[in-house]
Amino acid sequence: MSYVDGFVAAVPTANKADFQKHINEAGPVFMEHGATQYVECWGDDVPDGEVTSFPMAVKCQPDETVIFSWVIWPSKAVRDAGMKKVMEDPRLQPHVNPMPFDAKRLIFGGFVPMIQL
């Protein structure tokens, strides 16, 4: 079964165009290194919670928008090898393609699907 990497972050709303450029460059790199799907979503209906929420989790400020993203890989082994290559790829180095948000507030993790329709 496939393997999924998930991401949530807060991006300054004013940086939407920079974020679009960043993901347009990053997506093909993930695909070249084994991903089968690369999805980046700009928050549209992401409410604040009372106990927890996406905005609370990433300490989203009033001038920021939550993004939600995932990458699907054929397997964890392909993901482990592919992610290593992605992180080393010269096209995604911070001085070439900087993240247009505070990466310290990026939440990420790998997941094993329980059902995939």
Side-chain angles (χ1 to χ4, degrees):
M1 187 175 267
S2 59
Y3 194 79
V4 180
D5 279 316
F7 308 89
V8 179
V11 177
T13 304
N15 289 357
K16 186 175 183 180
D18 293 336
F19 181 71
Q20 185 70 59
K21 180 180 182 297
H22 174 77
I23 63 178
N24 286 349
E25 294 173 6
V29 175
F30 278 85
M31 299 301 289
E32 287 174 26
H33 294 303
T36 59
Q37 189 176 33
Y38 177 88
V39 179
E40 296 272 5
C41 303
W42 188 259
D44 177 61
D45 184 12
V46 187
D48 288 320
E50 291 183 23
V51 177
T52 191
S53 67
F54 281 120
M56 291 170 70
V58 295
K59 299 181 180 176
C60 191
Q61 301 300 308
D63 63 342
E64 295 177 321
T65 299
V66 173
I67 60 98
F68 177 61
S69 311
W70 63 92
V71 180
I72 298 179
W73 306 88
S75 67
K76 186 172 189 302
V78 171
R79 178 269 203 163
D80 290 347
M83 189 60 88
K84 183 177 186 319
K85 291 176 185 175
V86 165
M87 293 297 116
E88 295 171 351
D89 194 294
R91 296 169 290 178
L92 295 186
Q93 297 310 303
H95 65 283
V96 175
N97 187 5
M99 290 186 187
F101 56 89
D102 181 2
K104 291 178 186 171
R105 292 186 285 144
L106 172 69
I107 297 171
F108 60 92
F111 301 86
V112 176
M114 294 181 67
I115 183 171
Q116 190 170 342
L117 304 174

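A side-chain donor-acceptor contact under 3.5 Å links Gln93 to the backbone of Met87. With Gln61 contributing its side chain and Lys59 its backbone, the two residues share a donor-acceptor pair below 3.5 Å.
What you find for Pro100 and Pro12 is that their closest heavy atoms are O-CD, 3.4 Å. Considering every non-hydrogen atom in both Val29 and Val86, the closest pair reads O-CG2, 4.2 Å. When all heavy atoms of Val39 and Cys41 are compared, the closest pair comes out as CG1-SG, 3.7 Å. Across all their heavy atoms, Val96 and Pro90 have their closest contact at CG2-O, 3.6 Å. Residues Ala10 and Val58 come closest through the heavy atom pair CB-CG2, 3.8 Å. The two residues Asp48 and Pro55 make their nearest non-hydrogen contact at OD1-CB, 3.2 Å.
With rounding to the nearest 0.5 angstrom, the CZ atom of Phe30 is 4.5 Å from the CE atom of Met83. One finds the CZ atom of Arg79 at 13.5 Å from the OG1 atom of Thr36 (value rounded to the nearest 0.5 Å). Separating the CD1 atom in Ile67 from the CG atom in Leu106 is a distance of 7.0 Å, to the nearest 0.5 Å.
Taking Ile, Leu, Val, Met, Phe, Trp and Tyr as members and joining any whose side-chain heavy atoms lie under 4.5 Å apart, directly or through other members, the hydrophobic cluster of Leu117 also contains Ile115.
Listed by first and then second residue, the ring-ring contact (aromatic ring centres under 6.0 Å, His included) pairs involving residues 90-111 amount to none (not counting sequence neighbours).
For the pair Trp42/Thr65, a side-chain contact is recorded, criterion being any heavy-atom separation below 4.5 Å from C-beta on.
With salt bridges taken as basic N to acidic carboxylate O contacts below 4.0 Å, one links Lys76 and Asp80. Taking 4.0 Å as the cut-off between side-chain N and carboxylate O, Arg91 and Asp89 count as a salt-bridged pair.
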Please walk me through it: do Phe68 and Glu40 pass side chain to side chain contact (heavy atoms under 4.5 Å, CB included)? CA-CA 6 Å; Phe68 177 61; Glu40 296 272 5; over 6 Å; no
Could you go step by step and tell me if Val4 and Ile72 meet the side chain to side chain contact (heavy atoms under 4.5 Å, CB included) rule? CA-CA 5 Å; Val4 180; Ile72 298 179; 4.1 Å; yes
Residues Phe7, Ile107; criterion side chain to side chain contact (heavy atoms under 4.5 Å, CB included); working and verdict: CA-CA 5 Å; Phe7 308 89; Ile107 297 171; over 6 Å; no
Set out, in order, the CA-CA distance, both residues' side-chain angles and the distance that settles side chain to side chain contact (heavy atoms under 4.5 Å, CB included) for Ile23 and Tyr38, then state yes or no. CA-CA 9 Å; Ile23 63 178; Tyr38 177 88; 3.9 Å; yes
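Linking Ile, Leu, Val, Met, Phe, Trp and Tyr residues whenever their side-chain heavy atoms come within less than 4.5 Å places Val46 and Trp70 in a single cluster.
Exactly one residue among Lys21, Gln20, His22 makes a side-chain hydrogen bond (donor to acceptor under 3.5 Å, both in side chains) with Asn24. That residue is Gln20.
By the 6.0 Å contact criterion, CG on Asp63 is enclosed, its count of non-hydrogen atoms from other residues, nucleotides or ligands being greater than 12.
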